[in-house]
Amino acid sequence: MERLIERSLFASRWLMAPMYVGLAGALGILVWVFLQELWRFGLTIPTMTVDDAVLGVLALIDLSLAANLLLIVIFSGYENFISRMDIADHKDRPSWQGEVDFTGLKLKLVASIVAISGIHLLKVFMDVGKYTPEKIKWMVIIHLVFVISGVLLAVMDWIALHGKTLKKSKA
């Protein structure tokens, strides 16, 4: 009975597979939005100012970072929680694939969120007249919460890793 329960629980990891396929679909949606944004950006070239160019590029970078984050979550999540991808010999396989554990995934996720938030905040600063001081204040506070959360998460992981190392060295 115990073996049957354990095998069933282990097999239940495959229930996550549709979620990663759905995230791949979301990546397709991000590509669509990126292409729309690029098209709109391209149409403004004749009347574009320096600020418009910077804001347009920042919007494209923002979408690109979100897509990168999605790929990291898809690849790492699938490999950490479902199954190894059988593509080790593929020449285009990312070097980090298969090496990002859950701790690394969390840190990459938080770092990406901080980067996306920072770029969004930079876009706000470039066009500060559109926003109320209250809204800007909250955007800065939210960004700082992301930054502080990322630092605290990294510190907690560092403490946990060094705690394990200390425990092993005493044994």
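Just so you know, these numbers come straight off a predicted model, no measurement behind them.
Ionic pairing of K137 and E134 is present here: one or more N-O contacts between side-chain nitrogen and carboxylate oxygen are shorter than 4.0 angstrom.
Looking at every heavy atom in both residues, L15 comes nearest to P18 through O-CD, 3.2 Å. Between L27 and A67, the shortest heavy-atom distance links the atoms CD1-CB, 3.7 Å. Considering every non-hydrogen atom in both H143 and S117, the closest pair reads ND1-OG, 2.8 Å.
No chain of hydrophobic side-chain contacts below 4.5 Å, direct or via other Ile, Leu, Val, Met, Phe, Trp or Tyr residues, connects V145 to V110. In the hydrophobic cluster analysis, where Ile, Leu, Val, Met, Phe, Trp and Tyr join through side-chain heavy atoms closer than 4.5 angstrom, V54 is grouped together with M48.
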*Verdict with reasoning, E6 to F10, per side-chain contact (heavy atoms from CB on, under 4.5 Å)*: CA-CA 6 Å; E6 289 171 357; F10 186 67; over 6 Å; no
*Evaluate the criterion side-chain contact (heavy atoms from CB on, under 4.5 Å) for residue pair I116 and F146; output intermediate values, then yes/no.*
CA-CA 10 Å; I116 290 167; F146 288 147; over 6 Å; no
*asked:* Could you walk me through whether D127 and K130 satisfy the side-chain contact (heavy atoms from CB on, under 4.5 Å) test, starting with their C-alpha distance in whole Å, then the side-chain angles of each, then the deciding distance to 0.1 Å, before giving a yes or no?
replied: CA-CA 6 Å; D127 204 9; K130 278 185 165 178; 3.0 Å; yes
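With contacts defined as side-chain heavy-atom distances shorter than 4.5 Å, the pair I136/P133 does not qualify. T44 has its side chain out of reach of D52: every pair of non-hydrogen atoms, C-beta onward, lies at least 4.5 Å apart. With contacts defined as side-chain heavy-atom distances shorter than 4.5 Å, the pair F81/S76 does not qualify. Side-chain atoms of I72 and L109, non-hydrogen and from C-beta on, never get closer than 4.5 Å to each other. Under the 4.5 Å side-chain criterion, counting only non-hydrogen atoms from C-beta, W32 is in contact with Q36. Two residues are said to be in side-chain contact when any heavy atoms from C-beta on lie closer than 4.5 Å; H120 and M139 meet this criterion.
From I82, atom CD1 reaches atom CE of M16 across 6.0 Å, with rounding to the nearest 0.5 Å. Remark: I74 CD1 to L69 CG distance equals 9.5 Å, nearest 0.5 Å. In this structure, the separation between OH on Y78 and CE on M19 is 14.5 Å, given to the nearest 0.5 Å. Note that CG of L60 and CD1 of I119 are 11.0 Å apart. Values are rounded to the nearest 0.5 Å. Within the model, atoms CG of L43 and CG of L38 stand 9.5 Å from one another, a figure rounded to the nearest 0.5 Å. D51 contributes atom CG, which lies 14.0 Å from atom NZ of K123 (distance to the nearest 0.5 angstrom).
Among residues two or more places apart in sequence or in another chain, the side chain to side chain contact (heavy atoms under 4.5 Å, CB included) test is passed with M156 by L153.
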